[in-house]
Amino acid sequence: ESIDEMFLMPDLRRRPDIFHAVSYLMRGRRIDAIVPLDDYDVETAAALREHLRLPGLGETGARYFRDKLAMRTQAAAHGIPVPPFTPLFSYDRLRAFMDRVPPPWVLKPRSEAGAMGIRKAYDREAVWRRLDELGDEQSFFHLEQFIPGDIYHVDSLVYGGDILFAQPHKYARPPMTVAHDGGVFVSRTLPDGEEARAILDLNARLLRAFGL
């Protein structure tokens, strides 16, 4: 009951078409805010805000929450531990990374949701084969060392620079394991305690580092 109008876009991957369509709508309608409804809309909504000069998260800020390479670079710059990683722009840099960091590694798409599209590699040959498959798309991936461990996520509401709500959760099995081996994604809300407080502290550090 809150939606007054709906408009069809044939292909949401064609960003110039979205700019044209929303700009056309603004000729006769006042638009005050643009809100993404899922992970894949975050960067598109940010680009529209930039283009139309609307308030909210811009493209650079949105990348810290969607682009896994931007996440790691920004977190590391603020002293937050991250696995050893490398972009895939330079083959010399990639070779140096594989010389320095022992496998297994994970080849991750930078802007997919969750564990989608992640491949584990146990040797150099597997990495080079995957890069051959990716072709011109390989710059949209990065490589990092695989470090097993518990996986957490935190749901947060931030307004005016303040965290108004934050709730930590822990996965029963790592999402990548479920995505590759099958099963059901399950997580549970953490009760108050040392583990939950440590995760909430890290969450607050990340949100500050990411400029939210």
_Run the side chain to side chain donor-acceptor pair (under 3.5 Å) test against Arg14 and tell me which residues pass, sequence neighbours left out._
Asp17
*State yes or no: are the ring centers of Tyr91 and Trp128 separated by less than 6.0 Å?*
yes
*Would you indicate whether the side-chain heavy atoms of Leu143 and Met98 approach each other to under 4.5 Å?*
yes
Can you give the donor-acceptor pairs under 3.5 Å from side chains of residues 155-162 to other protein atoms, not counting sequence neighbours?
from   : atom 1 : to     : atom 2 : distance (Å)
Asp155 : OD2    : His169 : NE2    : 3.0
Ser156 : OG     : Asn203 : ND2    : 3.0

*List for me each residue that meets salt bridge (charged side-chain N to carboxylate O under 4.0 Å, His left out) alongside Arg188, sequence neighbours excluded, and say none if there are none.*
none
*Check whether the side chains of His153 and Ser187 place a donor and an acceptor atom closer than 3.5 Å, and report yes or no.*
yes
*Apply salt bridge (charged side-chain N to carboxylate O under 4.0 Å, His left out) to Arg95 and list each qualifying residue two or more places apart in sequence or on a separate chain.*
Asp92
_Ile199 side chain near Val154 side chain, heavy-atom distance below 4.5 Å_ = yes
*Can you name the side chain to side chain donor-acceptor pair (under 3.5 Å) partners of Arg53, sequence neighbours left out?*
Glu50
*Kindly state each residue pair satisfying ring-ring contact (aromatic ring centres under 6.0 Å, His included) with at least one member in residues 45-76, sequence neighbours excluded.*
Phe19-His51, Tyr64-Phe210, Phe65-Phe210
_Once side chain to side chain donor-acceptor pair (under 3.5 Å) is applied, do any residues pair with Asp11, and if so which ones, sequence neighbours excluded?_
Arg13
*Measure the shortest side-chain to side-chain distance between Ile34 and Leu52 over non-hydrogen atoms and say whether it is less than 4.5 angstrom.*
yes
*Please list, chain by chain and in numerical order, all residues satisfying side-chain contact (heavy atoms from CB on, under 4.5 Å) with Pro87, sequence neighbours excluded.*
Leu69, Phe89, Arg93
*What pairs of residues pass the salt bridge (charged side-chain N to carboxylate O under 4.0 Å, His left out) test when at least one of them lies in residues 163-174, not counting sequence neighbours?*
Asp150-Lys170, Lys170-Glu195
*Inter-residue atom distance Arg205.CZ - His78.NE2, 0.5 Å rounding*: 10.5 Å
*Return the set of residues passing salt bridge (charged side-chain N to carboxylate O under 4.0 Å, His left out) with Glu194 (not counting sequence neighbours), or none when no residue passes.*
none
*Contacts of Arg27 that satisfy side chain to side chain donor-acceptor pair (under 3.5 Å) - sequence neighbours left out*: none
*asked:* If the condition is salt bridge (charged side-chain N to carboxylate O under 4.0 Å, His left out), which residues does Arg119 pass it with, not counting sequence neighbours?
replied: Glu133
*Any Lys/Arg nitrogen of Glu59 or Arg49 sitting under 4.0 Å from an Asp/Glu carboxylate oxygen of the other?*
no
*Is there a donor-acceptor contact under 3.5 Å from the side chain of Gln138 to the main chain of Gly135?*
yes
*Checking Lys120 against Phe146: charged group under 6.0 Å from the ring centre and within 45 degrees of the axis?*
yes
